[in-house]
Trainee: 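This is the structure I want to talk about, given as structure tokens.
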Protein chains: 2
Amino acid sequence: MADVIPMPDEACEVRMVDPERVEATRAELLSGDEASELAERFKLLSDPGRLRMIYALLEAGELCVCDLAATVAASESATSHQLRQLRLAGLVRSTKRGRTVYYRVDDTHVRLLLDVAVEHYLHDHEVRV
Amino acid sequence: MADVIPMPDEACEVRMVDPERVEATRAELLSGDEASELAERFKLLSDPGRLRMIYALLEAGELCVCDLAATVAASESATSHQLRQLRLAGLVRSTKRGRTVYYRVDDTHVRLLLDVAVEHYLHDHEVRV
DNA sequence: TGTAAATATGAGTTGTTGTTCATACGTCGT
DNA sequence: ACGACGTATGAACAACAACTCATATTTACA
């Protein structure tokens, strides 16, 4: 889905069963920008490798690139590319000490988001009541 | 990132600065399957259009395909394709009444996940103190 | 029964994403 | 200053994801 197309003011070709509910729901709906911003955040969490990296950083507190790569069993280059994305998104922060660069999670909300997801999507199925 | 490559037991070519921390973190890390399962969930939320659809369904409770399409300003075909994904993932459920099909969210956890994300990533920036 | 409505699906196309490989950059030790 | 190390980055490529268009399916109604 490219991006949100503005709704034509006068519905020209749009079929609707319940126009009132549509209008009411549209009023409460996320704007295109809001949806895009949220989606971008979720997209960062939508790759297994990135997810493991974030998780590893949350666990370890701080890791250099090569250690993180070893931890999640990825190449250093791939790891660096992913970290760049996360850094540009403000999800992680890097500190250079000597020639090694240490990364840490720099987003207060990710931990909660991950905890909620892990709790509901993993424990529910495995620890099962 | 394709999928998780198993870590070689004997680190052959892997540089590490702090092997102990790596090993400790690996012990606490998500497995490849767990990471993939979580990532797949987040991926469903990583598209602005899908996000708006889910949000609309949460708001409206129940919507038929054409009304949902009108609500999020997408084509009915695109909407149907997205709903198929969500349905296969068990995130929404469909009910056929006559010739129209009504969809509703069928995942207890999505609402919480979305609420957390909206709260932290939207309100924080806009309502800003 | 035939036609239109509401949705589903498949094929084809295009844009995006993650990886590898090669290479560049900054830093340490000698 | 030079070579090795740790990391970053760019290009090329392959896999994937989302859209449109065309067509199929099911139901309602005349």
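All values below were derived from every heavy atom in this structure, side-chain atoms included, with hydrogens, water molecules and symmetry-related copies excluded. On a predicted model such as this, the values are computed, not experimentally measured, just so you know. Sequence lines set the chain letters: A, B, ... in the order given, protein chains first and strands last, and positions in each chain run from 1.
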Trainee: Show each protein N/O and nucleotides 10-15 of chain D N/O combination with a separation under 3.5 Å, one pair to a line.
Mentor:
residue: D/dG10; atom: O6; partner: A/H81; partner atom: NE2; Å: 2.9

Trainee: May I ask you to say what B/Y102 touches in the nucleic acid, namely base, sugar-phosphate or nothing, with a heavy-atom cut-off under 4.0 Å?
Mentor: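 Result for B/Y102 = nothing.
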Trainee: Other than B/L88, what residues sit in its cluster of Ile, Leu, Val, Met, Phe, Trp and Tyr side chains whose heavy atoms are under 4.5 Å apart, directly or through others?
Mentor: none
Trainee: Tell me: CG of A/L68 to P of D/dA8, nearest whole Å?
Mentor: 11 Å
Trainee: Mind telling me whether B/H109 and A/Y121 have parallel, tilted or perpendicular rings, with 30° and 60° as the class edges?
Mentor: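 Taking B/H109 first and then A/Y121, their aromatic rings stand perpendicular (interplane angle over 60°).
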Trainee: In this structure, which one of B/D67, B/L86, B/I54, B/L83 forms a side-chain contact (heavy atoms from CB on, under 4.5 Å) with B/Y103?
Mentor: B/L83
Trainee: Please give, in whole Å, the distance from C/dT17 C1' to A/F42 CZ?
Mentor: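 After rounding, the gap between these two atoms is 19 Å.
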Trainee: To the nearest Å, give me how far apart CZ (A/R15) and C1' (C/dT7) are.
Mentor: 8 Å
Trainee: Under 4.0 Å, counting only non-hydrogen atoms across every strand here, what does A/S80 touch: a base, just sugar-phosphate, or nothing?
Mentor: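 A/S80: base contact, heavy atoms under 4.0 Å.
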Trainee: C/dT7, OP1 or OP2 - any side-chain N/O from B/R87 closer than 4.0 Å?
Mentor: no
Trainee: Should A/K43 be listed as having a side-chain N or O under 4.0 Å from OP1 or OP2 of C/dT17?
Mentor: yes
Trainee: When every nucleotide of nucleotides 23-30 of chain C is labelled 5' to 3' by its protein contacts under 4.0 Å (heavy atoms), B for base, S for sugar-phosphate only, - for none, what sequence of letters results?
Mentor: ---SBB--
Trainee: Looking at B/Y102, is B/R97 sitting on its ring face, NZ or CZ under 6.0 Å from the six-membered ring centre and within 45 degrees of the normal?
Mentor: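 The answer is yes, since B/R97 meets both limits relative to B/Y102.
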Trainee: Respond yes when some side-chain nitrogen or oxygen of B/Y103 is under 4.0 Å from OP1 or OP2 of C/dA8, and no when none is.
Mentor: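 Yes, B/Y103 has a side-chain N/O under 4.0 Å of OP1/OP2 on C/dA8.
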Trainee: Quick test of your reading of the model: are B/R52 and B/D47 salt-bridged, counting only N-O distances below 4.0 Å?
Mentor: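 Salt bridge: no.
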Trainee: From CG of B/L44 over to P of D/dA17, roughly how many Å is that when rounded to an integer?
Mentor: 10 Å
Trainee: Over all heavy atoms of both residues, which pair between A/T79 and A/M53 is shortest? Give the atoms and the distance, please.
Mentor: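 A/T79 and A/M53 have their closest heavy atoms at CA-CE, 3.7 Å.
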Trainee: Starting at atom CD of B/E76, determine the distance to atom P of C/dA4, rounded to an integer number of angstrom.
Mentor: 17 Å
Trainee: Quick one: A/L83 CG to D/dG6 C1', roughly how many Å, whole number?
Mentor: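 These atoms are roughly 13 Å apart.
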